[in-house]
Structures are given as structure tokens and as C-alpha cells.
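A short write-up of the structure that comes next.
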Amino acid sequence: MDKKRIAEILDEMGTLLELKGENPFRSRAFHNASQIISGVTEDLSTLVKSKSLTEIKGIGSGLAGIITDLVTKGVSKQHEELRSSIPKGVLELLHLQGLGPKKVKVLYERMDIKSIAELKKACEQKLLRPVDGFGAKTEENILKSIEQRERSSDKHLYPQALESAEKIVHMLKGIKGIKRCDYAGSLRRRKEIIGDIDILVSAADKNRSDILKKFTTYEEVESVLATGDTKASVILKNGIQCDLRVVKDAEYPFALNYFTGSKEHNVEVRSLARKYGWSLNEYGFTHIEESKSSRKGSKIPSCDSEEDIYKALGLHYIPPELREKTGEIEYAQKHAIPKLIELSDLRGTFHCHTTDSDGLSTLEQMVETAKKLEWEYLGIADHSQAAAYAGGLSPEKVHAQMKQIDRMNEKDSNFRIFKGTECDILSDGSLDYSDKLLSEFDYVVASIHSKFKMTEDEATKRIIKALKNKYVTILGHPTGRLLLEREGYPVNMNEIINVAADYGKAIEINSHPMRLDLDWRYVKYAKEKGVRIFINPDAHHVDGLHDVQYGVGIARKGWLEAKDVVNTWPIRQVIHFLERK
DNA sequence: GCCGTTTTCGGCCCGACTGTTTTCAGTCG
């Protein structure tokens, strides 16, 4: 059993213990162990063999026993017992915003509610309000949470969808008879929110049924929705729907273009084709009947790639990320498509958490990975003291970390570790460390982590006050860092950008996937105002790179160039920028 | 359940908010 699954099981055991009303510290030990295991870099079976699991801080003999069972036998008796004592649907109740273990326990034990559907019904029938600790408002909030969950159930974050899609593409490419294979759709366009995964392959007709069969019986498939001659739809174990289409190889570039979208982009491209006297669909170009076209179609060029299709229409190649009907056709006609930022443009980053706060990797591991990525520098920005839930650093711990960084920098002059902090912006807009301490950092990322239910005015004022602090270098996640089912806080980004421009601060891209319209616009406006952008990996485990890809995705859509982005600059330029504060 | 010892058991990150209370429990980050 792999590390990820073991961490999930330990986490689930912690939750089940909470639901059973066990000693909260006991359940916390399981949650804690889950975090620890997912951050362990050594091979677990090696640790089991050498009986050295208990040497890890936080893993005692009890947890070591459970982990050993999971690694060697694939099951744990304690886990099985816990699991059989609570219905699966009860665990799902915990995913609802506002419901924690105590309330869920009451719902299950007193009201016999075992699923979200049953809970919804009970709220609608106003059955909860007589129960101690519940009221009309609680019912209302629960219904709201259920509604929100239903709305986002068919939406998935880019990194999760990407991981699944890459595995499937890899599996398909191993099948004999497949000529080309890619994922298409919103995933290829690097949208932050993905509906479903579209995968396209080309193969000879005789191989189609074999390919579709291998796809529908793939180990990650939970259920098969439909399967036909040329396409199949499945639901993956992580809940994402995945569609596979098989086409002839000659049709492949057209199908890839068609299924990549966006729909709006396709409409523009197809209408452009009509001006050439051609009709474009997912199979290729065809001549428009002369009676239906004012222009007689010229000879259709052969197309073996998407580049050929765009070229045939007099266009520069348009990368998928820009196919959103945001003016890309005009840019392509003028051959003025920008060179997009690639992951390989990154020279370092500034928003990294280590195990000193809530990161999963140690400072040494983070640095080692950054060097492997051929980065030139790494900025360490652990949480400040107010973020106690995330292990925020006291001033003493900050100094200890700074000393460690100095020692590491002395040892290796070819790589630079910058001393930073992700300092909380407190509710009144002041910062969580004294100016004296802030002045000791190479740079300061300032972010909000508390009191999210602010009005736009409150949030904007709070951020602007912090931005004016001379030691702040970068504004962290300006619209909030909450994902999918949560809401961010409203801010007046234009006002914030104006202040950032006046005070020479950089702004982070990371944001809130549900509110990306705001992020796009702010990235464009920031560029106009000359405010530097910083792509946020918010890296807890730097080799994961998921958050980095996500940030790069938004940067590309904002038509940013590498020179606009702080962490694509060479180290000299970065030092100059940081010293300017 | 783990840790760190005053080696046999007490303490285990905290502050703000909400909705329920009538002084606090539960949830969140």
C-alpha cells in the first residue's frame, strides 16, 4: 500500500475517533501521523523492515503497529473495526461547511441521519431546530452548504485532474496500435477548474475496440457510464468523469483542436475558415458548396498538426492556454502571440513553507529539490506567530531558522536561500511581527488568514494598510486562498494595485479558482501599472509543483511575459528588487 | 496516541466568529 493511501487511512481513523467522541488528543495523534507520513521521504517498507518508524517524532508504538500492518498486509484490524462502526455517509457529512465531528455525532446518534440526502430532508422539514445546539439558523446554513456542495461536485481543481489525465495518457500510450494520444478540453487549456477530462487517441479502426476495452477496465475507473464504437465515458475513482474518443490519425489534429476548445474560440476559427470558402469541423476542412458561399474555396492544404490548421487560416499557432476568445485571433493574425511563461522560466520562488510551520518537507529537503529543478534560489516564508493553527513561528524560532539559513548559504555559494516570512495581516491591518523583526528578513510576504467575512471596504483597507508597511515586499494571495467550496473575501483590486504601484510592491497570483475573472483582470491591470507579479507555488512540498503549475497557468492567460514576473528573473535582478524595499 | 520527563502521568499551538446560549460549545483556519 502506498504512502498516500496510508496517510488517508490514518486521517480517516482520526476522524472516526472524533465521531465516536474519543479523547480528542488521541484523534489528533492520528491526524498528525497522517501529515507526518505524507511528508516522509524515505520508503515506508524500508522503515518497517528496520523497525525505525518510532524514531519519527509523532509516531509511537501504537501508530507504528498500524502503519506496519498497512504496509505489510494492506489492512489494519483497528481501521476495519473503526470503519464498520460508522456508516460511510456519516463521514461525508463532515465535508459540509459548518459541520464538525460534534454536530455530526449528534445528527447520527440522536437523529439517525446517515447521509447528506437524509440531512437535507431533515433540514427542509425543520426537524433539527428542537435539538440542543441546533436552531433555525443552523438548518439554513446546512442547506446552504449542501447547495454549494452540489454546485461544485462536477468541478475539480486543475492539479488533481492533471494527475489523473497524465496517468491515463501514459497507460494508453503503452497500448499497441495507438498512434497519437493527448488530453484535450479545459485541462489542455489549463483552466483552473476542470469539469471533466477529455482524452483523444488516434488509431486504426481495427484497434478501436481493444483500446476502448482497456480504457473502461483501467484500474482507476470506478464505473463505466457509456461505451460505444468510438468513444467511452467513465467515472474515475476520484470522482472525475473522463471521456475517451478514438479517431483516425488523419483526423487527429482537427479532433484535437475541436475538443480542446474553447467553444467560443472554435466558433471564431470556424467562421474564419468560411472566409476561405472552407467548412471546419472535428474531422477536417471541406469545401463549402458554391451556392452557399460567396467565395470559391481554394485548394485545401493538408494538415498533420494543429500548427498546420492555424497556418492554413493565415494564423500564427495559438497555444491552448490562449484559446478563450480574448483577442487571440487578432494577435495570431498579426503574428503577435506572446511567448508564454513556462515552468522552465522559473528561477526560484518565495512562498515556501517548511516543517518549521505547516510544510511537509524540511528546509534541507526543499533546498535540495530546488537545486534539482535547477533553480537559482529559494525563498523560505513560514507562517508568522498568529497563524498558530499552522505552527506559526515565534520570534525565537525565526532567529533559529535564520541562523540555519546563514549556515547553509555559507556552505554553497552557487545557490541562495532568502530569509522570508509569510506574515499575517492582522484584523486591523497591522502586521504580526514588529518592524524590528520584519527588518531582519530579506523579504516579507503579507497575507490574510483570519476573519474572512469582511466587506470589500474592510478587506481593501486592511490590505492597503499592510502594503504601506515599508518592510512588506509581496502581497500574498490577495483574494484569498480558499478553494472550491469556500468563498474568498471581496477586494477592490484596482485600488490595491494602485497602492502597490506607488509603494513598489509585488503581488502574488494564486487566488481563488471560483473567482478567477477577478484574478485575470487584476493581472492585466497590474501589468499596465508596472506592478510586479509573483507566481505563487505556496509550496509545502516543493517537488509537488502543482501549485506552481496553477500559478503559471494564470500567468499565461494574463498575457504576462517572463520579465513581468518576479520569480522568473535571474538572481541579480531579484536581489536588486528585494533590496529596493 | 505521543511526548518528555519531576520514570508514571499530565499536557497536548490558539484566536475569532457564529449561533446557541444566558456564559459557552462548536467550527474554522
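Note on naming: letters A, B, ... go to the chains in the order of the sequence lines (proteins, then strands), and numbering restarts at 1 for each one.
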By nearest-heavy-atom nucleotide on DNA chain B, the more 5' of A:Phe134 and A:Ala29 is A:Ala29
In whole angstroms, the gap separating P of B:dT22 from CG of A:Asp132 amounts to 10 Å
From CG of A:Asp424 across to C1' of B:dC14 the rounded distance in Å is 12 Å
When rounded to whole Å, the NE2 to C1' distance for the pair A:His353 and B:dG29 reads 13 Å
A:Gln97 CD to B:dT27 C1', in whole Å, measures 9 Å
Exercise for the section: Please state the C1' separation for the pair B:dT20 and B:dT27 - nearest whole angstrom. Expected result: 13 Å
Next item on the list: Before giving the answer on ring-ring contact (aromatic ring centres under 6.0 Å, His included), spell out for A:Tyr443 and A:Phe577 the whole-Å C-alpha distance, their side-chain angles and the decisive distance to 0.1 Å.
Entry: CA-CA 10 Å; A:Tyr443 69 98; A:Phe577 174 74; 9.8 Å; no
Of the candidates B:dG26, B:dG19, B:dG1, the side chain of A:Lys103 sits closest to B:dG26
*Using a cut-off of 4.0 Å on non-hydrogen atoms, how would the nucleic acid contact of A:Ser61 be classed: base, sugar-phosphate, or nothing?*
sugar-phosphate
Testing B:dC12, B:dG1, B:dG26 for proximity to the side chain of A:Arg28, the answer is B:dC12
- Under 4.0 Å: is that the gap between some side-chain N or O of A:Arg26 and OP1 or OP2 of B:dC12? no
Next on the checklist: Taking 4.0 Å as the cut-off, does a side-chain nitrogen or oxygen of A:Asn141 come that near to OP1 or OP2 on B:dG19?
Outcome noted: yes
Out of B:dG4, B:dT27, B:dC14, minimum distance to the side chain of A:Lys57 belongs to B:dG4
A:Glu22 CD to B:dG1 C1', in whole Å, measures 10 Å
Would you say the side-chain atoms of A:Tyr503 and A:Asn469 include a donor-acceptor pair closer than 3.5 Å? no
Answer for the Watson-Crick or wobble partner of B:dA25, both distances under 3.5 Å, is B:dT18
When rounded to whole Å, the CD1 to C1' distance for the pair A:Ile448 and B:dC28 reads 16 Å
Among B:dC2, B:dC12, B:dT20, the one nearest any side-chain atom of A:Lys137 is B:dT20
Separation of B:dT27 atom C1' from A:Leu19 atom CG, nearest Å, is 14 Å
Checking B:dT20, B:dT27, B:dC12 against the side chain of A:Lys102 (C-beta onward), the nearest is B:dT27
- Query: Charged N to carboxylate O under 4.0 angstrom, A:Lys126 versus A:Glu139?
  - Reply: no
Using the P atom as the reference point in each nucleotide, state the distance between B:dC3 and B:dT21 in Å, no decimals. 41 Å
Ranking A:Ile66 and A:Ala136 by the position along DNA chain B of their nearest nucleotide, the one closer to 5' is A:Ile66
Whole-Å distance, A:Lys144 NZ to B:dT18 P, equals 12 Å
- [ ] May I ask you to say what A:Leu17 touches in the nucleic acid, namely base, sugar-phosphate or nothing, with a heavy-atom cut-off under 4.0 Å?
- [x] nothing
Quiz prompt | Pairwise P distance for B:dC13 and B:dC2, with rounding to whole Å | solution = 15 Å
Checklist line | Span that lies between the C1' atom of B:dT23 and that of B:dT18, in whole angstrom | finding: 15 Å
task = Step through it carefully: locate the ring centre of A:Phe441, locate the ring centre of A:Phe418, and say whether they are under 6.0 Å apart.
result = no
Taking any heavy-atom pair under 4.0 Å as a contact, classify A:Ile56: base, sugar-phosphate, or nothing. sugar-phosphate
Original post:
Are A:His477 and A:Glu422 linked by a side-chain donor-acceptor pair shorter than 3.5 Å?
Top reply: yes
**Request:** Starting from the C-alpha separation in whole Å, work towards a yes-or-no answer on side chain to side chain contact (heavy atoms under 4.5 Å, CB included) for A:Asn23 and A:Leu17.
**Result:** CA-CA 8 Å; A:Asn23 176 355; A:Leu17 288 167; over 6 Å; no
Pairwise P distance for B:dG11 and B:dT7, with rounding to whole Å:
15 Å
Just call it for A:Pro101: base, sugar-phosphate, or nothing, with non-hydrogen atoms closer than 4.0 Å on any strand. sugar-phosphate
Of the candidates B:dG19, B:dG1, B:dT27, the side chain of A:Thr138 sits closest to B:dG19
| task | Using the P atoms only, state how far B:dT6 lies from B:dC12, rounded to an integer number of Å. | result | 16 Å
Between A:Ser447 and A:Asp424, do the side chains contain an N or O donor and an N or O acceptor separated by less than 3.5 Å?
no
Given B:dG1, is OP1 or OP2 found less than 4.0 Å from the side-chain N or O atoms of A:Ser27? no
For B:dC9 and B:dG15, measure between their C1' atoms and round to the nearest Å.
-> 29 Å
